[in-house]
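Residue numbers begin at 1 in each chain, while the letters A, B, ... track the order of the sequences.
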There are 2 protein chains.
Amino acid sequence: MLKLSKKVEYGLIAIRHIASLNNQISTVKEISDKYNIPNEVLAKVMQKLTRGKLIMSHQGAMGGYTLARSANDISVMDVIGVVEGTQVGIAQCFSEAPENCSIYLNCTIKNPLGKIQHNLEHVFASMKVSEIV
Amino acid sequence: MLKLSKKVEYGLIAIRHIASLNNQISTVKEISDKYNIPNEVLAKVMQKLTRGKLIMSHQGAMGGYTLARSANDISVMDVIGVVEGTQVGIAQCFSEAPENCSIYLNCTIKNPLGKIQHNLEHVFASMKVSEIV
DNA sequence: ATGAAATAGGACTTCAATAGTCGTATTTGA
DNA sequence: TCAAATACGACTATTGAAGTCCTATTTCAT
Ligand code: SF4
Ligand code: SF4
């Protein structure tokens with residue numbers, strides 16, 4: 001509960017890696033070997049990060065990935081959003097249709113949880129990749 | 001990911017309910033009916049909250065639950081800790097033995113995530129039940 | 001041209017956590 | 001003594017996380 005997924009962690013490690021090499025092109029193999037991350041899992045994370053325009057892919061031999069933006073313009077929040085494909089929602093009613101929660105109408109805590117949600121977003125959004133290089 | 005469990009939500013709703021009635025004794029049935037929460041699930045949550053000394057149980061007929069502390073001395077963090085039985089850990093290495101993470105030694109993000117963890121704890125700890133009554 | 005190195009991406013399995021259900025025992029006030 | 005309440009273990013079902021496997025496509029270097 002309240003744990004980041006491994007995919008998000010792998011994405012952060014990879015992006016930090018590229019940033020730490022001054023945006024030199026890096027391959028999945030290089031990163032998965034260095035950090036001991038399952039190759040295929042990382043590969044798919046990188047593909048999502050590419051589709052999310054946080055990194056750029058370079059196909060073919062000698063290919064790999066570089067950042068698509070400067071490291072201080074990529075936040076942990078960005079990575080979570082892109083990798084998970086959904087916004088952070090501390091409760092069901094924040095990440096899906098409110099009607100999906102069967103007690104939505106009776107719920108007395110959604111407003112306070114909304115405040116917590118807002119604060120959490122701020123925490124994740126204010127941590128930039130440039131700080132962790 | 002990063003979602004509170006229903007159990008925690010139920011616990012918060014129940015504690016807020018009791019607090020809103022000025023610590024009048026309340027039963028599981030009363031609360032589960034009012035908020036449309038599955039009876040048995042709430043019952044077990046209340047038992048955990050009792051063992052965690054956030055509320056007090058009164059057994060037998062005419063029994064029920066009251067708060068064990070004042071509402072401004074119970075935080076969302078307290079409820080999470082008691083209901084989940086474990087501390088909030090945004091990453092595996094914060095909530096279990098670091099060796100359990102196979103990439104712990106190579107991990108380059110545990111320190112920055114530790115900072116995020118610290119900030120999250122503050123967010124959860126600073127929201128007291130008294131604020132949501 | 002051809003082959004190796006790389007990304008792209010779908011299909012699948014495994015495992016653990018979440019959410020809920022059921023049954024029974026115990027306590028206690030009226 | 002009964003009814004109303006808490007206590008608590010065992011079970012099922014569903015979902016999501018994590019990882020594996022396989023094949024296609026792109027592109028550089030020879
Ligand atoms: S409505 Fe209340 S219970 Fe339902 S998801 Fe939102 S916060 Fe949780
Ligand atoms: S060590 Fe790094 S990867 Fe492993 S759990 Fe901690 S943060 Fe996540």
Name the atoms and distances for all side-chain donor-acceptor pairs under 3.5 Å in residues 21-31 of chain B, with sequence neighbours left out.
unit_1, atom_1, unit_2, atom_2, d
B/Asn23, OD1, B/Leu67, N, 2.7
B/Ser26, OG, B/Gln24, O, 3.3
B/Thr27, OG1, B/Glu30, N, 3.0
B/Lys29, NZ, B/Asp33, OD2, 2.7
B/Glu30, OE1, B/Thr27, N, 3.4
B/Glu30, OE2, B/His17, NE2, 3.1

Side-chain atoms of residues 98-113 of chain A: list all donor-acceptor pairs with protein atoms under 3.5 Å, sequence neighbours left out, distances to 0.1 Å.
unit_1, atom_1, unit_2, atom_2, d
A/Asn100, ND2, A/Glu96, OE1, 2.6
A/Thr108, OG1, B/Arg16, NE, 3.2
A/Lys110, NZ, A/Tyr104, O, 2.7
A/Lys110, NZ, A/Cys107, O, 3.2

Return a table of donor-acceptor pairs under 3.5 angstrom between the side chains of residues 81-94 of chain B and protein atoms on other chains or two or more places apart.
unit_1, atom_1, unit_2, atom_2, d
B/Glu84, OE2, B/Ser5, OG, 2.7
B/Gln92, OE1, A/Lys6, NZ, 3.0

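DNA chain D lies under 4.0 Å from at least one heavy atom of each of the following residues of residues 64-71 of chain B: B/Gly64, B/Tyr65. Contact check of residues 52-60 of chain B against DNA chain C (heavy atom, cut-off under 4.0 Å) returns B/Gln59, B/Gly60. Shown for residues 14-33 of chain B: residues whose heavy atoms fall under 4.0 angstrom of DNA chain D, namely B/Thr27, B/Val28.
Here CD1 of B/Ile15 is found 5.0 Å from CG of B/Leu54. Values are rounded to the nearest 0.5 Å. Distance check, rounded to the nearest 0.5 Å: CD of B/Glu121 to CD1 of B/Ile116 gives 12.5 Å. In this structure, OG on B/Ser70 lies 7.0 Å from CD1 on B/Ile74, to the nearest 0.5 angstrom. Note that the NZ atom of B/Lys7 and the CG atom of B/Leu49 stand 11.5 Å from one another [nearest 0.5 Å].
Protein chain B touches strand DNA chain D; the 5'-most and 3'-most nucleotides with an atom under 4.0 angstrom of its non-hydrogen atoms are D/dA4 to D/dA17.
Annotation: side chain of B/Asn119 is not in contact with side chain of B/Val123 (no heavy-atom distance under 4.5 Å).
The side-chain contact (heavy atoms from CB on, under 4.5 Å) search around B/Met62 returns none, not counting sequence neighbours. Qualifying side-chain contact (heavy atoms from CB on, under 4.5 Å) partners for A/Arg51, counting only residues two or more places apart in sequence or in other chains: A/Gln47, A/Lys48. Residues that satisfy the side-chain contact (heavy atoms from CB on, under 4.5 Å) test with B/Glu131, not counting sequence neighbours, are A/Lys115, B/Met127, B/Lys128. Under the side-chain contact (heavy atoms from CB on, under 4.5 Å) criterion, A/Thr50 pairs with A/Ile55, A/Ser57, A/Tyr65, not counting sequence neighbours.
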Quiz item: How does protein reach along nucleotides 16-22 of chain C, written 5' to 3' as B (base within reach of a heavy atom under 4.0 Å), S (only sugar-phosphate), or - (no contact)?
Solution: --SSBBB

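Of the two residues contacting DNA chain C, namely B/Ala61 and A/Ala61, the nearest-nucleotide position lying further toward the 5' end is that of A/Ala61.
Nearest heavy-atom pair, A/Ala14 versus A/Leu42, reported as atom, atom and distance to 0.1 Å: CB-CD1, 4.1 Å.
A/Asn72 and A/Ser130 are not linked by any side-chain donor-acceptor pair at a separation below 3.5 angstrom, with hydrogens and angles left out of the test.
Rounded to an integer number of Å, the gap from CG of A/Leu42 to P of C/dA8 is 12 Å.
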Quiz item: Given the rule in the side chain to side chain contact (heavy atoms under 4.5 Å, CB included) test, do B/Leu2 and A/Leu120 qualify, once you have shown the distances and angles that lead to the verdict?
Solution: CA-CA 10 Å; B/Leu2 289 174; A/Leu120 291 195; over 6 Å; no

